[in-house]
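Here's the structure, in structure tokens; my notes come after.
Keep in mind that what you see is a predicted model, and the values were worked out from it rather than measured.
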Amino acid sequence: MTRGRRRGVTTAVLSGALLVVIVAIVLGCTPMSRAAPGAVSAVQEVVGDSGEVSVYVVERNINVMPRCQLTVRMIDGVAEDELARVLERVWAATGDSPCIVKTVKTVETASRSTVFGAPPVAMTAGEASAVAAALQRIDVVTVSVREDGGVNADASVRTGDFSDAAELARAAVASAALEEEFGRVLWSMRWSADSSPYDDATVTSDITPDARLADLFDGLAALRDSGALGDGYGTDDAALDAPIIAVKLNAITESGSTVVGIGLTVAGWDADDLDARGAELAQSSRAAEAARMIAALGEEVGVPIGSITANGTVDLLPEP
């Protein structure tokens, strides 16, 4: 063999070896990307025609942890028992793959009505059934499985009046199976009106929410409908009959005890008016009368009101 041919063969061998090394380095640097197709296929096999699977991949880099997270989007109108079947099996579908199922969404175009997994190795049939029922029962809810095995349930509605808050509360109460199956459920619910008056309600509970809250919300809806709270925004004057343009309720339940606070926003009253005439507002105004009716409503439904304020500063709660 001539020196030229030897040089050519040596160059080819070195080039081939270098190519192998480059390919090995590239493959070694993209483990998540290599694992993703198999994981998607395995999860799609579980989901079948009931939904679609997508994947989000991030490879390891400086100050960046690698991730391979799969999202399942169920078809609109999926049956509750089919959703429960998927929830029971989908978390463990990826096996030993570094890819995990992170999210299952019940409506293809929604960002909520969702369950996030920690993920658990698997859900029992009872757990999957409880989650599926909650996702189908509440239009906009996120159920998150915690590392300790419990769940967080976050629901939000922005429409209508306090009767919609009552409907949301009853849906949460009807989802008591979550607590039965997972042990502890931390509920966070928010309802708000999408137009004037801008009433809203927030409920935080470390157990299934108190069913009597729904009765309280219904009563507040009836009170608003009666006209007792006034209509419109009133004038810039601090009138005693100024309308109440927002009722904001906050209920916190801890260890079975519920504390409710209510804030009324009275039109036309600024800080100077409140300083000068706060006592008058607290005793003989539309807001004062509304506070008395709300306090009576709370007693009637069995949910005593802990505090009622006007514009964040004036205490309106009648003395016991």
Side-chain angles (χ1 to χ4, degrees), residues 39-40 42-54 69-95 99-157 166-191 203-211 213-214 253 256:
V40 170
V43 173
Q44 189 68 63
E45 184 175 349
V46 171
V47 176
D49 295 332
S50 297
E52 296 182 348
V53 182
S54 60
Q69 299 175 346
L70 280 68
T71 295
V72 177
R73 292 178 174 83
M74 306 300 291
I75 60 174
D76 195 6
V78 63
E80 184 177 313
D81 58 349
E82 173 63 5
L83 176 58
R85 182 194 68 81
V86 171
L87 289 174
E88 182 182 359
R89 296 178 54 195
V90 76
W91 309 105
T94 56
C99 300
I100 63 171
V101 176
K102 188 66 175 176
T103 309
V104 176
K105 298 184 177 183
T106 59
V107 181
E108 192 171 46
T109 58
S111 59
R112 296 197 180 175
S113 297
T114 300
V115 56
F116 289 97
V121 174
M123 276 188 184
T124 66
E127 290 169 345
S129 179
V131 172
L135 294 181
Q136 297 281 47
R137 185 178 294 118
I138 305 173
D139 288 340
V140 186
V141 64
T142 299
V143 178
S144 304
V145 182
R146 300 194 305 269
E147 294 289 348
D148 64 4
V151 298
N152 296 336
D154 302 294
S156 177
V157 175
E167 183 178 340
L168 177 60
R170 291 191 174 97
V173 172
S175 302
L178 286 173
E179 187 174 352
E180 296 168 5
E181 293 293 336
F182 289 94
R184 189 181 184 195
V185 180
L186 301 179
W187 278 94
S188 176
M189 298 187 297
R190 172 74 185 274
W191 165 81
V203 177
T204 305
S205 181
D206 61 2
I207 58 174
T208 300
D210 192 331
L213 286 172
T253 299

**OP:** Begin with the C-alpha distance, continue with both residues' side-chain angles, and end with the deciding distance and a verdict on side chain to side chain contact (heavy atoms under 4.5 Å, CB included) for Val157 and Glu167.
**Re:** CA-CA 10 Å; Val157 175; Glu167 183 178 340; over 6 Å; no

Original post:
For Leu87 and Val131, which heavy atoms make the closest approach, and how far apart are they?
Top reply: CD1-CG1, 3.7 Å

Original post:
Which heavy atom of Ala128 sits nearest a heavy atom of Glu88, and at what distance?
Top reply: CB-N, 3.6 Å

Counting only pairs under 3.5 Å, give me each side-chain donor-acceptor contact of residues 176-184, with atom names and distances, residues two or more places apart or in other chains.
| residue | atom | partner | partner atom | Å |
| --- | --- | --- | --- | --- |
| Glu179 | OE1 | Thr208 | N | 2.9 |
| Glu179 | OE1 | Thr208 | OG1 | 2.6 |

Original post:
So do the side chains of Val78 and Gln136 get within less than 4.5 Å of each other, counting heavy atoms only?
Top reply: yes

Original post:
Any side-chain heavy atom of Val104 within less than 4.5 Å of one from Trp91?
Top reply: yes

Subject >> Heavy-atom closest contact (Asp206 atom, Gly256 atom, distance) >> reply: OD1-N, 4.4 Å

**OP:** Could you pull out all residues at least two apart from Trp187 that satisfy ring-ring contact (aromatic ring centres under 6.0 Å, His included)?
**Re:** none

Original post:
With Asp148, which residues qualify under salt bridge (charged side-chain N to carboxylate O under 4.0 Å, His left out), at least two apart?
Top reply: Arg146

Subject >> Distance, nearest 0.5 Å, that separates OG1 of Thr142 from CG of Asp154 >> reply: 6.0 Å

Original post:
Backbone N or O of Ala79 within a donor-acceptor pair of the Glu82 side chain at under 3.5 Å?
Top reply: no

**OP:** To the nearest 0.5 angstrom, please state how far the CZ atom of Arg137 sits from the CD atom of Glu80.
**Re:** 7.0 Å

Subject >> Other residues, nucleotides, ligands: >12 heavy atoms within 6.0 Å of Glu45 CD >> reply: no

Original post:
If only atom types and distance count, is the side chain of Gln69 paired as donor or acceptor with the main-chain N or O of Thr103 below 3.5 Å?
Top reply: no

**OP:** Over all heavy atoms of both residues, which pair between Ala93 and Ala42 is shortest? Give the atoms and the distance, please.
**Re:** O-CB, 3.5 Å

Original post:
With side chains defined as the heavy atoms from C-beta onward, is the minimum distance between Met189 and Ile138 less than 4.5 Å?
Top reply: no

**OP:** Could you tell me which residues satisfy side-chain contact (heavy atoms from CB on, under 4.5 Å) with Val53, sequence neighbours excluded, listed by chain and number?
**Re:** Val40, Val43, Gln44, Val47, Leu70, Val72

Original post:
Could you state the interatomic distance from CG (Leu168) to CG (Asp139), rounded to the nearest 0.5 Å?
Top reply: 9.5 Å

**OP:** Return the minimal non-hydrogen interatomic distance between Ala153 and Val185, and the atom names on each side.
**Re:** CB-CG1, 4.2 Å

Subject >> Euclidean distance, Thr71 OG1 relative to Glu52 CD, rounded to 0.5 Å >> reply: 12.0 Å

Original post:
Does Ser188 have any side chain to side chain donor-acceptor pair (under 3.5 Å) partners at least two apart in sequence or in another chain, and if so, which?
Top reply: none

Original post:
So which heavy atom on Val173 is nearest to which on Ala211, and how close?
Top reply: CG2-CA, 3.8 Å

Subject >> side-chain contact (heavy atoms from CB on, under 4.5 Å) involving Thr204 - partner list, sequence neighbours excluded >> reply: Thr202

Subject >> Minimum side-chain heavy-atom gap Val143-Leu135 below 4.5 Å >> reply: yes

**OP:** To the nearest 0.5 angstrom, please state how far the CG atom of Asp76 sits from the OG1 atom of Thr106.
**Re:** 8.5 Å

